[in-house]
There are 4 protein chains.
Amino acid sequence: MSASGGTGTADSRTRILDAAEALFADRGYEASSTARIAGHAQVPKGLVFHYFPQKIDVLVALVDERTFVEELPDGAVEALPGDPAGTLSRLARRLPLHASPAMRRILFREADTHRSVRERLGRLNGEVFRRARHALELALPGARGDQARLEVAAATFTAVLIYQENLASLTGQHMDPDAVADLIARALGA
Amino acid sequence: MSASGGTGTADSRTRILDAAEALFADRGYEASSTARIAGHAQVPKGLVFHYFPQKIDVLVALVDERTFVEELPDGAVEALPGDPAGTLSRLARRLPLHASPAMRRILFREADTHRSVRERLGRLNGEVFRRARHALELALPGARGDQARLEVAAATFTAVLIYQENLASLTGQHMDPDAVADLIARALGA
Amino acid sequence: MSASGGTGTADSRTRILDAAEALFADRGYEASSTARIAGHAQVPKGLVFHYFPQKIDVLVALVDERTFVEELPDGAVEALPGDPAGTLSRLARRLPLHASPAMRRILFREADTHRSVRERLGRLNGEVFRRARHALELALPGARGDQARLEVAAATFTAVLIYQENLASLTGQHMDPDAVADLIARALGA
Amino acid sequence: MSASGGTGTADSRTRILDAAEALFADRGYEASSTARIAGHAQVPKGLVFHYFPQKIDVLVALVDERTFVEELPDGAVEALPGDPAGTLSRLARRLPLHASPAMRRILFREADTHRSVRERLGRLNGEVFRRARHALELALPGARGDQARLEVAAATFTAVLIYQENLASLTGQHMDPDAVADLIARALGA
DNA sequence: TATGAATGAGTGTTCATTCAT
DNA sequence: AATGAATGAACACTCATTCAT
């Protein structure tokens, strides 16, 4: 409704969402009070509830408005035939999941306790999975390798793609998508 | 699930931890009040603070006492030489990470906001990773495939192993460890 | 129920008063927010304060404009001489207090905490009382029975008349005005 | 549970109820904040919720614990045979409804919006009504006057008895129970 | 006359924590 | 070891009211 011009100060609603995004990512939804969100956004406490009647609505708006899977542009080439590794690497580089690192943390974390977030995450994950599977189908000329294996490959790569950052920060284990792409391609390849 | 005497009713401390485990897994640490924990455990509110001076100590105790990686028993055979897929499948079946599904959810979720949990999770993950890597090294006779690839394989499998349940419940995407084991083995194998 | 033009949709001010009347009667003045009144009236929140600078002014306007005792029409016969019971019954049937059941609830309830309402209620009650007393005086030919008794009778009947609905809904005790009229007439009568 | 000894300072729970009784009577339930109740009772805000998990529970406790109809003591004489006026006057003087004037205001006012209060009030009213009817039956030797009239008389007297104070303060109309007793007795009498 | 964003004090309620017993 | 009253800061949320348009 208000597209925060380029004037430097975004409108109040946007500022509230910005603040919430940062805080939810940093300390979690429960631990981020509405007062703190308002403070961060530099708006009076009451205004938060003017735009979002319940605190949960802030989370819902964030997830609704700030996470989505990009439409595939017309004529876009998804796959490099004969080169599954390159195909997956490219998918990784042009990740069609649009969500800031902060939003990704929020999705990941709050899905556990908020159904609406979980549903969104499921849908986003599904989209990326389908994209990966389709790209792999195009990349592999013949029906080489059965369909089941291809699905496992797509699912594994999707998980790595979407969660790599979170896995890295949670476990300290860094996973290079290109290396995983290469690994998976080998599993499917000649 | 936890060592309580043999008396039938577990002692208070154990009951508190049981209740906290269930509640933290269900609704998260922040959303589980100490009063509710006490209620669930059927102990008076004050007693929680007798055993755990601060609420966070309940979480710490849970993570300390109820998650660990099993020592490798003497003379245990970890690998099936020449059969990396079987080796990984077997690792999946005898998963050395001991933690109830509830504890796994807690680890996963609270690691994001509590450093001590994150550290524990990192250590557990590292242990499983090393185990997977070692098993793969033994399973693969020659130095076939370079070391880097083997590490990527071990890391990928570890991630799938540890997080499969969470991934399934968060995204709806089910991943069969045996299928992933097979996939990875192919990537490394003959 | 209230004078609005003939246009079908009442004007905003009237709609606000209608909404307030319904809400105040249903949940009380304190528990009816101005936002809710505006919502019910289907007018924007700000408009309420255009017509009624303070919330209390809505209540005052309601009481001022929607409760009154009808003037006695010229030449009206109030009493049936010699028939006090009939006289009182007729007063009950032509109750000169004009106020919807909702307004009666409001008067009754808010008088307790708002002086202006209490004063209005006192005046209305006084009018009805005087009317009842006058009618009884006319109905009873001689000075049969002293004045004091007649006043008690008028006061008792007035109370029953004005509060019967409220008493019925508050206590479950239904009182038939005709039966009370008969009772009182007997006390004064032959 | 704690019978506020004679030491001067009643226990906290009693002080909270005392404060609430005074405030609810004075300004109504809705307009009396829990903070104000706590302040009046000189207890910290949180303690109110220790004893009464919800604000409404304060009102319920008040009504439950501080209004009741006294049991008729064994061998008590309820009626003066042949003297219905004296019988009713005596009932007025020994009103079996135990409730402070403040509690009576609360009952009367909040019954309108709180079902539990309304139910209590209905029960109390019913008890007093039955008592009045029974006393009148005993006072009137023969079956003089039909039963219906006797019920109307009892209901009218009950209403005056229970609500006289409220009616007086709301309308300015004072009603003397003895005078009403006399009036009603005449209606029933020879 | 009409409108809805803005404001901040106040509301009921929850909470971790303390402490005397 | 066990208990529950006590505490006060913090929480989500509501509200009457203002004001620029």
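Everything quoted here is computed from the prediction, not taken from an experiment. Quick note on labels: first sequence line is chain A, next is B, and so on, each numbered from 1.
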Quiz item: With a 4.5 Å limit on heavy-atom distance, are the side chains of D/Leu47 and D/Arg13 in contact?
Solution: no
Quiz prompt | Protein-nucleotide distance (B/Ile16, atom CD1; F/dA1, atom P), rounded to Å | solution = 12 Å
Exercise. Assign each of C/Ile56 and D/Val48 to its nearest nucleotide of DNA chain F by heavy atoms, then name whichever residue's nucleotide is nearer the 5' end.
Key: D/Val48
Self-check item: A/Arg36 atom CZ, over 12 foreign heavy atoms within 6.0 Å
Solution: no
Quiz item: Which pair of heavy atoms, one from A/Gln42 and one from A/Arg15, lies closest together, and at what distance?
Solution: O-NH2, 3.3 Å
Quiz item: In this structure, are over 12 heavy atoms from other groups packed under 6.0 Å from D/Glu65 atom CD?
Solution: yes
Quiz item: Between B/Tyr51 and F/dA1, is there a side-chain N or O to OP1/OP2 distance below 4.0 Å?
Solution: no
Quiz prompt | Nucleotide nearest B/Lys55 (side chain, heavy atoms from C-beta), chosen from E/dG12, E/dT1, E/dA16 | solution = E/dA16
Quiz item: Rounded to the nearest Å, what distance is computed from the CG atom of residue C/Leu47 to the P atom of nucleotide F/dT18?
Solution: 15 Å
Practice problem: Write out the stems for DNA chain E, ordered by first number and formatted as range with range, counting runs of at least 3 consecutive Watson-Crick or G-U wobble pairs under 3.5 Å. | Solution: E:2-21 with F:2-21
Quiz item: So which one's nearest nucleotide on DNA chain E is more toward 5', D/Arg36 or B/Pro53?
Solution: D/Arg36
Quiz prompt | Nearest listed nucleotide, side chain of C/Pro44, among F/dA1, E/dG4, E/dT1 | solution = E/dG4
Self-check item: Closest to side chain of C/His50, choosing from E/dA2, F/dT7, E/dG4
Solution: E/dA2
Quiz item: Rounding to a whole Å, what distance do you find between B/Gln42:CD and F/dA2:P?
Solution: 15 Å
Exercise. Between D/Ser32 and B/Tyr29, just flag the one whose closest nucleotide in DNA chain E comes earlier from the 5' side.
Key: D/Ser32
Quiz prompt | Member of D/Glu30, D/Arg105, D/Arg109 meeting the side chain to side chain donor-acceptor pair (under 3.5 Å) criterion with C/Thr113 | solution = D/Arg109
Quiz item: C/Arg27 CZ to F/dT14 P: how many Å, rounded?
Solution: 13 Å
Quiz item: Is C/Phe52 touching bases, backbone alone, or none of the nucleic acid, heavy atoms closer than 4.0 Å?
Solution: nothing
Quiz item: Contact class for A/Lys45 (heavy atom, under 4.0 Å): base, sugar-phosphate, or nothing?
Solution: base
Quiz item: Are OP1 or OP2 of F/dA6 and a side-chain N or O of D/Ser12 less than 4.0 angstrom apart?
Solution: yes
Quiz prompt | A/Phe108 and B/Phe108 aromatic ring geometry - parallel, tilted or perpendicular at 30°/60° bounds | solution = perpendicular
Quiz item: Heavy atoms under 4.0 Å, any strand shown: does B/Ser33 hit a base, just sugar-phosphate, or nothing?
Solution: sugar-phosphate
Practice problem: Go through the steps to decide whether C/Leu17 and C/Phe52 satisfy the test side chain to side chain contact (heavy atoms under 4.5 Å, CB included), and finish with yes or no. | Solution: CA-CA 10 Å; C/Leu17 289 176; C/Phe52 309 99; 3.7 Å; yes
Quiz prompt | 5' priority, DNA chain F, between A/Ala31 and D/Gly46 [closest heavy atom] | solution = D/Gly46
Quiz item: Please give, in whole Å, the distance from F/dT17 P to A/Phe49 CZ?
Solution: 21 Å
Practice problem: Rounded off to whole Å, could you give me the CZ-to-P distance for the A/Arg13 and E/dT7 pair? | Solution: 17 Å
Quiz item: Is A/Gln54 near enough to F/dA12 that one of its side-chain N or O atoms lies under 4.0 angstrom from OP1 or OP2?
Solution: no
Quiz item: Where do C/His40 and C/Asp18 land on the side chain to side chain contact (heavy atoms under 4.5 Å, CB included) test, with the steps shown first?
Solution: CA-CA 9 Å; C/His40 239 242; C/Asp18 288 345; over 6 Å; no
Practice problem: Give a yes/no answer on whether the side chain of D/Thr34 brings an N or O atom under 4.0 Å of OP1 or OP2 in E/dG12. | Solution: yes
